Number of protein chains: 2
Amino acid sequence: MSVAIKIALNGGLYNKDPQDSELGRNIIEHSIELIDELGIEAFTFKKLSIRINSTEASIYRYFVNKHLLLLYLVNWYWEWVQYLIQINSRHIIDPKDKLKIIIQSIVSASKENPMVGYVNESKLQKIVISDGMKVYHTKDVDDENSKGFFKSYKNLALTVSQVISDVNPNFKYPYALATNLFEMANNHLFFAQHLPKLTDISVKTNVYDEMEEMLEYYVNKLLAE
Amino acid sequence: MSVAIKIALNGGLYNKDPQDSELGRNIIEHSIELIDELGIEAFTFKKLSIRINSTEASIYRYFVNKHLLLLYLVNWYWEWVQYLIQINSRHIIDPKDKLKIIIQSIVSASKENPMVGYVNESKLQKIVISDGMKVYHTKDVDDENSKGFFKSYKNLALTVSQVISDVNPNFKYPYALATNLFEMANNHLFFAQHLPKLTDISVKTNVYDEMEEMLEYYVNKLLAE
DNA sequence: TAATAAAGATAGTAATACTATTGTTTTTAA
DNA sequence: TTAAAAACAATAGTATTACTATCTTTATTA
């Protein structure tokens with residue numbers, strides 16, 4: 001049995017907490033697999049219900065629709081990154097070192113030992129890279145934002161922006177740089193694989209190492225006084 | 001009658017070139033309006049056909065589906081930005097000044113005088129900001145990329161990366177910085193409006209001016225030797 | 001053991017994303 | 001100028017999606 005980490009997520013994201021039942025955890029586990037395989041567009045509750053030998057109606061008892069399920073997964077992911085940053089930097093005082101840990105955690109959130117049995121962090125990262133930004137690029141952003149559905153991401157941005165400001169209190173764009181680090185990490189891992197002309201990162205070497213190097217170069221240059 | 005700029009786009013993006021007929025131009029004009037109003041998810045050919053007093057079948061004669069229509073519009077936009085950069089920087093020699101023009105063109109592509117009667121550049125920019133990245137975040141990227149469907153964006157990245165390398169030939173990430181400029185411009189205009197906690201740009205002042213300032217600050221710091 | 005909650009089975013609906021066919025204009029070219 | 005061809009409109013039809021509703025079975029708990 002795996003260690004019982006329970007990630008706290010906004011209750012509005014689900015009808016019934018999937019972490020609390022076998023079926024719920026099954027939905028999480030196999031939706032990650034299926035979205036990874038099909039992409040969010042071709043993924044349906046029908047297909048998921050067949051995969052897990054259940055029914056559409058049963059899945060609807062947990063999630064209002066696939067958009068909210070994706071939002072749940074994405075929030076889960078950012079909470080996971082936040083958690084990794086916390087444990088990996090808990091004894092570190094120098095903000096520069098802290099920022100290094102943050103970059104490592106963002107880039108390699110999937111490399112870490114999986115600690116929640118039913119979540120495949122590596123596949124989840126792939127989903128976040130491919131479909132993550134779709135959760136807020138909708139006509140419902142404002143409404144969903146007011147319900148706190150993007151809290152995990154905003155919290156992480158806050159955490160990272162504070163470390164950025166600790167490194168250089170005069171830097172004018174700590175929030176933008178924080179989110180830019182997340183977006184760059186995800187975008188360029190995607191570009192390296194699918195649109196190599198849009199990046200300098202190459203899949204021929206270790207993409208993760210290259211990504212870390214690039215992000216470190218970025219923050220060092222930008223935060224130099 | 002407006003000046004006849006014809007933007008050259010990959011023929012695989014459409015069944016029948018919409019620039020060549022009244023109905024085609026109507027489809028472009030009103031799809032921009034309707035996608036801006038509804039977002040790409042709720043937009044359908046049915047709704048568009050009603051809006052322009054035509055039929056679904058007629059629209060399908062021009063575009064295979066709404067995804068390809070969006071791809072057409074997004075490519076159109078990046079060609080437009082490329083065009084703006086070209087005419088605005090045609091007499092400029094210093095690469096630093098050129099980069100400044102590039103930033104202005106990216107951020108304010110919508111502020112320019114409209115030169116194509118049936119394209120509302122301002123609404124088109126809003127679409128690119130909200131839905132632009134969805135065109136390549138699909139399971140068909142590789143296939144569509146091999147057909148040249150992302151050429152306009154890649155061309156622009158090439159153009160900008162060359163100027164970046166002219167400014168500082170030792171900078172290791174010219175392509176990444178180029179795409180990062182586009183993505184930042186779009187993302188943070190979106191964040192400023194909908195998720196202000198994710199950015200330092202504020203809608204209270206002139207967002208476009210602030211955006212330009214931020215991007216200039218970024219490139220200056222990053223490209224300083 | 002009765003009550004209750006969770007899950008499965010089944011059916012049904014409106015909308016979406018198309019394809020196909022036929023008829024009517026409009027354009028063009030002989 | 002007229003016949004042919006292309007463009008467009010009108011209509012119908014299909015499979016899939018994104019649900020909602022209801023009813024039955026199974027498991028849990030009081």
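This one's a predicted model, so the numbers in the text were calculated from it and none came from an experiment. Quick note on labels: first sequence line is chain A, next is B, and so on, each numbered from 1.
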For this session: Calculate the interatomic distance between B/K16 atom NZ and D/dA7 atom C1'; express it in whole Å.
Result: 7 Å
Exercise. Is B/E79 paired with B/K151 through a side-chain N to carboxylate O contact shorter than 4.0 Å?
Worked result: no
Seminar exercise, completed: Among D/dA9, D/dA21, D/dT17, the one nearest any side-chain atom of A/A57 is D/dA21
Exercise. Of the candidate nucleotides D/dA21, D/dA9, D/dC8, which contains the atom at the shortest distance from the side chain of B/S54?
Worked result: D/dA9
Exercise. For the side chain of A/L23, counting heavy atoms from C-beta on, which of C/dC18, C/dG8, C/dA9 is nearest?
Worked result: C/dG8
Seminar exercise, completed: B/Y60 atom OH is separated from D/dA12 atom C1', nearest whole Å, by 15 Å
For this session: Let me know the distance between CG of A/N53 and P of C/dA6, rounded to the nearest Å.
Result: 21 Å
For this session: Would you kindly give the CG-to-C1' distance between A/D20 and D/dT28, to the nearest whole Å?
Result: 15 Å
For this session: Using atom CG of B/N15 as one end and atom C1' of D/dA7 as the other, report the distance to the nearest whole Å.
Result: 14 Å
For this session: Identify whether the distance between the nearest side-chain nitrogen and carboxylate oxygen of B/E33 and B/R51 falls below 4.0 Å.
Result: yes
Exercise. Which nucleotide sits closest to the side chain of B/T55: D/dA18, D/dA9, D/dC8?
Worked result: D/dA9
Seminar exercise, completed: Between CD of A/E56 and P of C/dA7 the distance, given in whole Å, is 17 Å
Exercise. Taking side chain as C-beta onward, heavy atoms only, is B/Q19 less than 4.5 Å from B/I7?
Worked result: yes
